[in-house]
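The block underneath contains the structure these notes are about, expressed in structure tokens.
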Amino acid sequence: MKVLIIGSGGREHAIAWKVAKSPKVTKIYCAPGNAGIEEIATCVPIGAMEFEKLAEFAAANEIDLTVVGPDDPLVGGAVDVFEARGLRVFGPRKNAAILEGSKAFSKDLMKKYNIPTAEYATFSDPKEALTYLETAKIPIVLKADGLALGKGVLICNTLEEAKAGVKTLMEDKEFGSAGDSIVIEEFMTGREVSVLSFVDGNTIRIMTSAQDHKRAKDNDEGLNTGGMGAFSPSPFYTDEVDAFCQKYVYQATVDAMKSEGRTFQGIIFFGLMLTREDGKIVPKVLEYNARFGDPETQVVLPRMKNDIIEVFEACIDQKLDQIELEFEDNAAVVVVLASDGYPVSYQKGFEITGQENFSGKEDYFLFHAGSKFDEAGRVVTNGGRVLGVTAKGATLKEARKKAYEATAWVDFENKYMRSDIGAAIL
Ligand code: AMP
Ligand code: GLY
């Protein structure tokens, strides 16, 4: 079968790599893809938001299955455009992707269906938001309602900061219309865990856990980024936490979406905070995403044993109850190699060397994010996050050691990475 993957990041490279392992697959296309994906797929220069062109391409090339990677096309309704043309596509429709597309929607859903999450209030009028803050408990969290590249969340440690945050989001519109409404939320403390899942509208199957590192600098300092590294599994995702979430979070979310007439088929990514109450661990939902996480996918999929095409198809055909997910009993760590200056400003166009050092090494993976071929045919840097270096090991400690060793195998000018990915677990 022929598969089209939409997107161009490390997540899409990891998905393409996993799709390529399926014996059912004869040909992979990726739009727009990157220089690493090009090795296993044919990249087509159509942007992820050009839905009509993408659907036209899928129809003309008799694509059997399209997988939508990023949040923007999902929230924008790419899946609906494909379905309207009778094309097979994996991912939530627009009316379900709102689970990620609107924080106000997701908070209201959790409240209505008693899914544990932080206390909150929603505002579309900045004056009302400011009045609310006067009597609110500090620290407090402000969130732009809409998509903001993972950067629309402000943790405010003083009332002044919070007031300035309202201005940034709602008046200066730093994140555009994403800040038309905001959610003001109780500040929570605890360990964070990411759990990805496949969902067919009725049944949910949980993948292995992971944790990413969002800040740009070591010791969780610096600005929020898309993610500078990740590890899987998370030792904090215990059987107790799993049992709690199975009971109160996972199925409850799928059922809630169905009850709302927004049947969700695709990936739900649960961002969980493991809070403590009276010495007991109480997981709460920080956020939902309607897609694979990046870089989490780069440590989760290399550990997955299933044929991912079978799982995608089961989600589309609502037969996920017939599938059990299986993961290797090991660990994986990904270290993101970024362009120095990310996420603010950075240079592009530097040659990437040493990729060949990864070939034939089973436990090591080089996933490309921001890379492309230049006119001379060289592979060059083309983004803030450039590469993801993943390694698997028997333990997290071993995987971490191997991943950091392998970061030296590739090079480019202005290469920057955090040195403490996974350090907290050791
Ligand atoms: P989100 O995009 O909602 O996951 O938020 C980004 C990051 O902000 C999370 O990964 C947390 O580290 C932090 N965060 C979000 N909401 C809260 C909260 N209510 N309390 C504490 N930290 C939060
Ligand atoms: N790594 C976080 C995300 O994909 O949203």
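Numbering of ligands and ligand atoms starts at 1, following listing order.
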Thinking salt bridges, do [X] and [Y] make one under a 4.0 Å N-O criterion?
X: Asp363; Y: Lys402; answer: yes
X: Lys173; Y: Asp180; answer: yes
X: Arg93; Y: Glu83; answer: yes

Starting from [atom], what is the nearest protein heavy atom, named by residue and atom, and what distance separates them?
atom: atom 20 (N) of ligand 1; answer: Met188 N, 2.8 Å
atom: atom 10 (O) of ligand 1; answer: Glu192 OE1, 2.7 Å
atom: atom 2 (O) of ligand 1; answer: Glu287 OE1, 3.2 Å
atom: atom 17 (C) of ligand 1; answer: Leu286 CD2, 3.4 Å
atom: atom 5 (O) of ligand 1; answer: Val153 CG2, 3.4 Å

Proximal ligand 1 atoms for [X], defined as those under 4.0 Å from one of its heavy atoms:
X: Ile155; answer: 13 (C), 14 (N), 22 (N), 23 (C)
X: Lys214; answer: 10 (O)
X: Met273; answer: 21 (C), 22 (N)
X: Lys103; answer: 1 (P), 2 (O), 3 (O)
X: Glu185; answer: 16 (N), 17 (C), 18 (C), 19 (N)

Using distance alone, with no hydrogens and no angle criterion, decide if [X] and [Y] have a side-chain donor and acceptor under 3.5 Å apart.
X: Tyr346; Y: Asp340; answer: no
X: Asp294; Y: Gln298; answer: yes
X: Ser8; Y: Asn34; answer: no

Item to check | Distance in Å, Asp71 CG paired with Phe292 CZ, rounded so as to fall on 0.5 Å steps | outcome: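 One gets 14.0 Å once the value is rounded to the nearest 0.5 Å.
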Checklist entry - What do we get for Thr189 next to ligand 1 when only non-hydrogen atoms under 4.0 Å count, side chain, backbone, both or neither? => result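 It is neither; nothing of Thr189 touches ligand 1.
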Checklist entry - Where does Lys143 meet ligand 1, judged by heavy-atom distances below 4.0 Å: at the side chain, the backbone, both, or neither? => result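 Side chain only.
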Item to check | Heavy-atom neighbours of Phe57 CZ exceed 12 at 6.0 Å | outcome: yes
Checklist entry - Does the separation of the ring centres of Tyr132 and Phe123 fall below 6.0 angstrom? => result yes
Next on the checklist: Are Phe365 and His13 an aromatic pair, judged by ring center distance below 6.0 Å?
Outcome noted: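 Ring centres of Phe365 and His13 not closer than 6.0 Å.
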Can you list every pair where an N/O of ligand 2 is under 3.5 Å from an N/O on the protein?
residue	atom	partner	partner atom	Å
ligand 2	1 (N)	Asp212	OD2	2.8
ligand 2	1 (N)	Gly226	O	3.4
ligand 2	1 (N)	Asp294	O	2.9
ligand 2	1 (N)	Glu296	OE1	2.8
ligand 2	1 (N)	Glu296	OE2	3.2
ligand 2	4 (O)	Arg291	NH1	3.0
ligand 2	4 (O)	Asp294	N	2.9
ligand 2	4 (O)	Asp294	O	3.4
ligand 2	5 (O)	Arg291	NH1	3.4
ligand 2	5 (O)	Arg291	NH2	2.8

Next on the checklist: Counting only nitrogen or oxygen atoms and a 3.5 angstrom limit, does Phe187 reach ligand 1?
Outcome noted: no
Next on the checklist: Pair Glu186, Lys137 - check salt bridge (charged side-chain N to carboxylate O under 4.0 Å, His left out), show working.
Outcome noted: CA-CA 8 Å; Glu186 165 203 4; Lys137 195 166 163 247; over 6 Å; no
Next on the checklist: My understanding is that only one of His213, Arg215, Arg418 makes a side chain to side chain donor-acceptor pair (under 3.5 Å) with Asp220; could you say which?
Outcome noted: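 That would be Arg418.
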